[in-house]
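What follows is a short report on a single structure.
Residue indices begin at 1 and follow the sequence shown.
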Amino acid sequence: MLFTVEQARKLAGKSQQEMANGMGIHRQTYMKLEKNPDTATIKQAKRIAELTGISVEEIFFGNESTLSGNNVS
């Protein structure tokens, strides 16, 4: 099953602020990641997966991959 970043967060029962705190970023920065997950770095994608308990593959990879190869940092 594939999830958006927002769906993964909501399934984990977390607020945007809790996700931002867990990632060490500002809430507005996290909000931008939800709206445009293509901008997520691999590190950010892994942290989102850790915080939500949903695999990176289920959030960022699939038929409509949202994580581009250009964001490897």
Side-chain angles (χ1 to χ4, degrees):
M1 181 173 269
L2 299 177
F3 301 95
T4 66
V5 175
E6 180 180 8
Q7 288 170 332
R9 172 182 60 81
K10 288 181 177 180
L11 283 171
K14 295 190 182 288
S15 69
Q16 289 177 333
Q17 187 64 58
E18 290 172 315
M19 291 294 290
N21 291 346
M23 295 177 71
I25 59 177
H26 290 281
R27 180 173 174 257
Q28 289 180 312
T29 302
Y30 175 78
M31 289 169 57
K32 289 178 186 176
L33 289 174
E34 274 196 5
K35 290 184 186 287
N36 191 4
D38 290 346
T39 63
T41 64
I42 296 296
K43 182 178 178 180
Q44 288 171 328
K46 286 180 179 180
R47 189 64 182 140
I48 289 168
E50 289 171 3
L51 290 168
T52 61
I54 299 173
S55 73
V56 170
E57 293 80 13
E58 289 179 291
I59 301 171
F60 292 96
F61 296 105
N63 294 337
E64 297 179 23
S65 178
T66 59
L67 189 63
S68 72
N70 295 331
N71 296 320
V72 181
S73 58

- Task: Please name all residues satisfying salt bridge (Lys or Arg N to Asp or Glu O under 4.0 Å) with Glu6, sequence neighbours left out, ordered by chain then number.
- Result: Lys10
- Item | Closest non-hydrogen atom pair, Glu34 against Pro37 | O-CD, 3.8 Å
- Query: Is Ile48 close to Phe60 at the side-chain level, that is, under 4.5 Å between some pair of heavy atoms?
  - Reply: yes
- Would you check if Gln17 and Asn21 make a side-chain contact, meaning some heavy-atom pair closer than 4.5 Å? yes
- Item | Residue pair Ala49 / Ser55: nearest heavy atoms and the distance that separates them | CB-C, 4.0 Å
- Sub-4.5 Å side-chain heavy-atom contact between Met19 and Val5: no
- Residues at least two apart in sequence or cross-chain that pass side-chain contact (heavy atoms from CB on, under 4.5 Å) with Ile25, listed by chain then number, are Ala20, Met23, Thr29, Tyr30, Leu33
- Under 3.5 Å donor-acceptor, Arg47 side chain and Gly22 backbone: yes
- Task: Would you mind reporting whether Ile54 and Leu11 have side-chain heavy atoms less than 4.5 Å apart?
- Result: yes
- Query: With a 4.5 Å heavy-atom cut-off, do Val56 and Lys46 have their side chains touching?
  - Reply: yes
- Query: Could you walk me through whether Arg27 and Gln16 pass the side-chain hydrogen bond (donor to acceptor under 3.5 Å, both in side chains) check?
  - Reply: CA-CA 6 Å; Arg27 180 173 174 257; Gln16 289 177 333; 3.0 Å; yes
- Task: For Glu58, check salt bridge (Lys or Arg N to Asp or Glu O under 4.0 Å) against everything at least two apart and list the hits.
- Result: none
- Item | Derivation of the side-chain contact (heavy atoms from CB on, under 4.5 Å) call for Thr4 and Ile59 | CA-CA 6 Å; Thr4 66; Ile59 301 171; over 6 Å; no
- Rounded to the nearest 0.5 Å, how far apart are CD of Gln44 and OG1 of Thr39? 7.0 Å
